[in-house]
Q: 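Dropping the structure in here first, questions after.
As the structure is a prediction and not an experimental result, all values here were calculated from the model. Index from 1, following the sequence.
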Amino acid sequence: MNSSASTRPTSTKETPLDEKTVNLNNIEVDSSPTVQNTEKLLQGLNDSQSKAVSQVDGPLLVFAGAGSGKTRVLTRRIANLIRNHGVEPGEILAVTFTNKAAAEMQSRVRALVRQNTGRMWVATFHSACLRILREHAEDLGFTKQFVVYDSSDSRAVMKRVFKRLKIDPKIIEPKTVLSFIDKAKNNYLDAEDLRSASIVPDSMSELVADLYQAYQEELLACNAMDFGDLLCNALSLLKLDKVILNKFRRKFRYILVDEYQDTNDVQYQLINLLAAEHKNLCVVGDDDQSIYAFRGATITNILNFSRDYPDAVVVTLDTNYRSTENILKIANRVISANEGRQEKTMVTGNEPGEKVSCIKSYDDQEEAEFVVREITSLIAAGNSYSDIAVFYRTNAQSRAIEEALFESGTPYEIFGSHKFYERKEIKDILSYLKLLINKKDNESFLRIINTPARGIGATSVGKLTAWAEQQGLSHLEALEKLATENYGDKKPSFLAAALEKKLAGFFALYKSLETKKTKAEKTLALSDPDTSSGSANYEAIAELIRAIAEESKYLAKLRSEETPEAESRIENIQELMRVAADFVSKNSLDNGVMPKVEDFLDRTSLATDMDKNLEKQGSEESNQGNVSLMTLHLAKGLEFNNVFLVGLEEGLLPHSRSLESKEDLEEERRLLYVGITRAKKRLYITRTTNRTTFGRNSWYAGMPSRFIEDIPESLTEDHGSGFFENYY
């Protein structure tokens with residue numbers, strides 16, 4: 001990997017972008033079906049939205065401000081291509097950043113065009129790259145059955161690498177190395193590139209590069225890729241093989257990218273490589289909502305689009321349909337202080353609404369008490385708990401809010417704290433499933449060989465591991481060799497009779513489950529989703545999961561514990577079965593084909609925190625009533641009638657880590673802008689003069705945020721608390 005292939009300018013200092021418009025007056029109104037269809041698709045859209053939908057060929061940049069209806073524009077633009085311009089669904093690639101957004105886009109387009117859009121690729125970057133790699137993984141030395149490792153799998157692999165290379169974790173922690181590797185992959189840098197890159201301090205660069213190399217070798221041996229590999233390997237594949245590149249270039253005549261401001265360097269290269277032939281590239285985003293630099297997002301990707309494509313049409317969606325006029329005016333004033341942005345001012349036809357409440361409290365406890373009192377008043381006024389959210393910059397700020405909500409009996413939920421696919425029982429069951437798909441998956445093997453406990457301890461596993469490495473085999477392949485070959489008197493020395501019996505028992509379990517996996521695959525392959533036989537077999541993967549949980553004695557072990565925690569874990573496994581059945585059902589309806597077992601594994605591997613947050617906001621559980629607590633980073637993509645934005649203090653927002661860099665400060669201001677624009681009707685902004693963080697008074701306690709200077713006091717009410725002291 002080498003980022004030098006990117007020709008993107010890095011400067012954010014741009015001359016203002018000229019907004020090229022689409023002349024709708026040239027469209028003659030007649031009674032032809034195409035014109036009638038176009039008119040229907042443009043109904044209810046404002047002029048800017050109509051321009052974006054109507055533009056067909058060539059590069060298109062859509063600046064979509066907060067609450068401006070960008071999803072409506074994207075889906076109607078796709079529908080216009082299909083219905084009115086002869087574009088086949090299979091010729092369209094639409095990239096989003098969450099699986100939920102992709103599913104919603106697919107559903108909306110299908111409703112608009114009234115035909116099967118299953119051949120259209122609507123996917124996240126990771127899932128689109130995974131789909132490409134499933135077809136061509138052999139070209140990179142993997143099999144098509146490779147598995148995707150999540151962050152906990154990656155940590156386990158790196159710990160093994162540390163142990164094998166005899167690296168003391170006191171010198172550098174495995175998670176720190178993985179963080180450097182992730183940054184490198186975001187910039188399409190391999191281990192050799194990392195030796196001279198500025199990502200790692202010079203004193204550690206050689207060590208980290210060696211660990212990076214060993215980590216990648218371990219992944220390849222396990223026939224596994226991590227999330228960063230999905231992007232980098234797909235890009236490498238396209239760069240290395242012109243035949244494959246041309247295949248996908250011809251396939252994707254039209255490419256659309258949502259949230260373009262959040263793309264990193266490798267994503268930038270992927271998209272522009274695929275779009276180079278047709279140049280029918282539409283990107284949609286808002287530079288004012290670029291808040292993921294820590295994940296490698298590069299705001300210059302969207303700001304420099306017109307330099308990459310000089311003939312690009314640029315459309316600005318500047319009408320906000322979400323927030324009241326007062327909230328929006330404050331948001332505009334705050335973000336206008338940033339220099340590295342495309343000039344625009346959001347407008348709205350909504351009512352002025354209430355003034356924004358700005359409150360200064362003595363400490364975080366008093367701040368939390370204020371939040372609870374206001375929530376109580378909101379509920380008494382007819383709001384539901386699910387209409388209310390509390391945003392903060394750091395997770396540490398939630399403690400006082402949680403305690404106050406708990407003591408008052410207010411139902412609440414913290415977003416991002418409970419990750420379904422990272423729960424132990426879910427990862428255990430999925431590891432069985434992964435090993436059934438990929439015999440080289442050492443990580444899954446090590447996780448389940450003694451789960452539930454079957455008397456195969458760490459010492460025995462270590463001996464098996466060493467023997468497998470001597471034989472040049474994966475752990476399962478080594479076990480298969482031990483179980484099926486007749487060694488006679490030449491049996492490996494570590495294989496005592498008791499251990500041999502236990503290993504043979506596990507291998508017998510594996511073979512039994514392998515038979516059931518094959519049966520499930522045949523059931524799915526022979527099912528027709530358009531007939532009753534399809535719906536009757538939606539349970540195929542769920543039944544395989546049930547077999548894993550039962551035959552492995554996993555459920556029996558949990559049942560024997562007879563504790564509320566064990567019961568909850570059993571319920572989680574049952575929920576996984578429901579998820580599997582729903583996946584098969586939905587996939588067959590959306591794509592017109594029955595999925596494979598590995599497709600389900602791909603979906604569980606690619607589930608993102610944001611997906612789970614978005615799904616939970618619309619769930620029955622949420623609608624029954626919980627106040628939502630979350631960091632500002634998790635708030636993006638959500639909206640609430642009533643928002644509390646707590647902790648507008650120097651060192652918190654902006655964060656202390658961002659105070660020395662102009663670019664970092666501008667991102668912190670964008671983070672505040674995102675928080676403000678989540679509010680539809682009411683917004684509360686708070687700060688304290690004595691905040692305790694991590695059990696002590698922080699050096700910045702009591703210092704009002706510099707961003708307060710950008711908030712027009714005339715649009716606020718501070719109820720005499722002195723919120724604007726030191727500024728006005």
Side-chain angles (χ1 to χ4, degrees), residues 99-100 103 107 118 127 130 134 145 147-148 150 418-438 441 444 447-448 451-452 509-559 566-608 611-612 615-616 619-621:
N99 292 303
K100 179 178 172 61
S107 176
S127 56
L130 177 57
R134 283 285 176 228
Q145 289 73 41
V147 293
V148 181
D150 64 15
H418 301 292
K419 302 174 182 177
F420 180 76
Y421 293 108
E422 292 185 11
R423 291 170 179 163
K424 182 182 184 304
E425 60 275 13
I426 300 303
K427 287 188 67 66
D428 289 343
I429 298 299
L430 290 178
S431 290
Y432 276 95
L433 205 55
K434 287 179 179 180
L435 195 61
L436 289 171
I437 296 297
N438 175 19
D441 185 1
S444 291
R447 186 179 186 93
I448 65 175
T451 304
L509 167 65
Y510 176 83
K511 295 302 290 184
S512 174
L513 294 175
E514 188 178 44
T515 299
K516 290 179 171 58
K517 187 263 293 186
T518 301
K519 180 181 178 181
E521 288 176 332
K522 288 181 178 178
T523 299
L524 292 168
L526 295 174
S527 298
D528 184 350
D530 294 327
T531 67
S532 59
S533 68
S535 60
N537 293 319
Y538 288 162
E539 302 289 332
I541 300 178
E543 287 303 315
L544 176 58
I545 292 172
R546 185 193 302 278
I548 291 171
E550 292 286 4
E551 291 191 24
S552 67
K553 309 299 183 185
Y554 201 101
L555 285 177
K557 176 68 167 60
L558 290 176
R559 292 179 187 125
E567 183 63 32
S568 175
R569 294 174 67 187
I570 291 172
E571 290 172 355
N572 287 336
I573 293 173
Q574 293 170 338
E575 175 67 8
L576 180 64
M577 293 168 59
R578 186 194 66 78
V579 170
D582 287 350
F583 170 79
V584 176
S585 171
K586 190 174 188 307
N587 195 86
S588 63
L589 290 174
D590 284 349
N591 301 326
V593 295
M594 297 293 277
K596 300 176 182 178
V597 176
E598 50 260 49
D599 293 331
F600 173 67
L601 277 175
D602 289 345
R603 176 63 184 90
T604 63
S605 297
L606 296 177
T608 66
D611 281 326
K612 287 178 277 243
E615 288 164 3
K616 190 154 283 186
S619 69
E620 290 182 6
E621 180 184 351

Q: Return the set of residues passing side-chain hydrogen bond (donor to acceptor under 3.5 Å, both in side chains) with N438 (not counting sequence neighbours), or none when no residue passes.
A: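 N223.
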Q: Looking only at heavy atoms, which two atoms of V148 and L130 are closest? And how far apart?
A: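 That would be CG2-CD1, 4.1 Å.
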Q: Report yes if some heavy atom in the side chain of I541 is under 4.5 Å from a heavy atom in the side chain of L524; otherwise report no.
A: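 I541 reaches L524 side chain to side chain.
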Q: Give a yes or no answer on whether the side chain of S552 reaches the backbone of I548 with a donor-acceptor pair at less than 3.5 Å.
A: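 A pair under 3.5 Å: yes.
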Q: Quick one: side-chain contact (heavy atoms from CB on, under 4.5 Å) partners of T515, sequence neighbours excluded?
A: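 Per chain and number, T515 pairs via side-chain contact (heavy atoms from CB on, under 4.5 Å) with no residue.
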Q: Rounded to the nearest 0.5 Å, what separates atom CZ in R423 from atom CG in L430?
A: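 Result: 12.5 Å between the selected atoms.
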Q: Using the side-chain contact (heavy atoms from CB on, under 4.5 Å) criterion, which residues pair with S127? Sequence neighbours excluded.
A: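 Counting only residues at least two positions away or on another chain, S127 forms a side-chain contact (heavy atoms from CB on, under 4.5 Å) with N99, A123, T124, L606.
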Q: Within this structure, what is the CG-NZ distance for the pair D441 and K434, rounded to the nearest 0.5 Å?
A: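 D441 CG to K434 NZ: 6.5 Å, rounded to 0.5 Å.
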Q: Considering all heavy atoms of both residues, which atom of S444 and which atom of S431 are nearest to each other, and what is their separation?
A: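 So the minimum-distance heavy-atom pair works out to CB-O, 3.4 Å.
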Q: Under the rule for salt bridge (Lys or Arg N to Asp or Glu O under 4.0 Å), what residues qualify as partners of K557, not counting sequence neighbours?
A: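 Only E561 meet the salt bridge (Lys or Arg N to Asp or Glu O under 4.0 Å) criterion with K557.
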Q: Tell me, please, which residues at least two apart from R559 pass side-chain hydrogen bond (donor to acceptor under 3.5 Å, both in side chains).
A: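 R559: side-chain hydrogen bond (donor to acceptor under 3.5 Å, both in side chains) contacts with E550.
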Q: Who are the side-chain contact (heavy atoms from CB on, under 4.5 Å) partners of K596, not counting sequence neighbours?
A: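 K596 satisfies side-chain contact (heavy atoms from CB on, under 4.5 Å) with E598, D599 only.
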Q: Please list, chain by chain and in numerical order, all residues satisfying salt bridge (Lys or Arg N to Asp or Glu O under 4.0 Å) with E571, sequence neighbours excluded.
A: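 Scan of E571 (salt bridge (Lys or Arg N to Asp or Glu O under 4.0 Å), adjacent residues dropped) gives none.
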Q: Go through the structure and list residues passing salt bridge (Lys or Arg N to Asp or Glu O under 4.0 Å) with K519, not counting sequence neighbours.
A: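 K519: no salt bridge (Lys or Arg N to Asp or Glu O under 4.0 Å) contacts found.
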Q: Is E514 paired with K517 through a side-chain N to carboxylate O contact shorter than 4.0 Å?
A: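 Not counted as a salt bridge, because no side-chain N and carboxylate O are separated by less than 4.0 Å.
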Q: What's the spacing between L576 CG and I545 CD1 if we round to 0.5 Å?
A: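 So the gap between those two atoms works out to 4.0 Å.
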Q: Could you work out, with side-chain contact (heavy atoms from CB on, under 4.5 Å) as the rule, every residue matching D150, not counting sequence neighbours?
A: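 Here the qualifying residues are S152, D153, K427.
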Q: For L601, does its backbone N or O pair with a side-chain atom of T604 as donor and acceptor, under 3.5 Å?
A: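 At least one qualifying donor-acceptor pair exists.
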Q: Using the salt bridge (Lys or Arg N to Asp or Glu O under 4.0 Å) rule, take E575 and R578 through it: C-alpha gap first, then chi angles, then the decisive distance, then the call.
A: CA-CA 5 Å; E575 175 67 8; R578 186 194 66 78; 2.5 Å; yes
Q: For the atom pair CD1 (I437) and CZ (F600), what is the distance rounded to the nearest 0.5 Å?
A: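 So the gap between those two atoms works out to 11.5 Å.
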Q: Could I get the full list of side-chain hydrogen bond (donor to acceptor under 3.5 Å, both in side chains) partners for Y554, not counting sequence neighbours?
A: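 Y554 satisfies side-chain hydrogen bond (donor to acceptor under 3.5 Å, both in side chains) with D428, R569 only.
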Q: Rounded to the nearest 0.5 Å, how far does CD1 of I573 lie from CD1 of I429?
A: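 The CD1 atom of I429 sits 4.5 Å away from the CD1 atom of I573.
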Q: Among residues at least two apart in sequence or on other chains, which ones pass salt bridge (Lys or Arg N to Asp or Glu O under 4.0 Å) with E543?
A: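 Here the qualifying residues are R546.
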Q: Flag the pair Y432 / L509 as yes when at least one side-chain heavy-atom distance between them is below 4.5 Å, and no otherwise.
A: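 Y432 reaches L509 side chain to side chain.
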Q: Sequence neighbours excluded, which residues qualify as side-chain hydrogen bond (donor to acceptor under 3.5 Å, both in side chains) partners of Q574?
A: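 If we apply the side-chain hydrogen bond (donor to acceptor under 3.5 Å, both in side chains) test to Q574, skipping adjacent residues, there are no hits.
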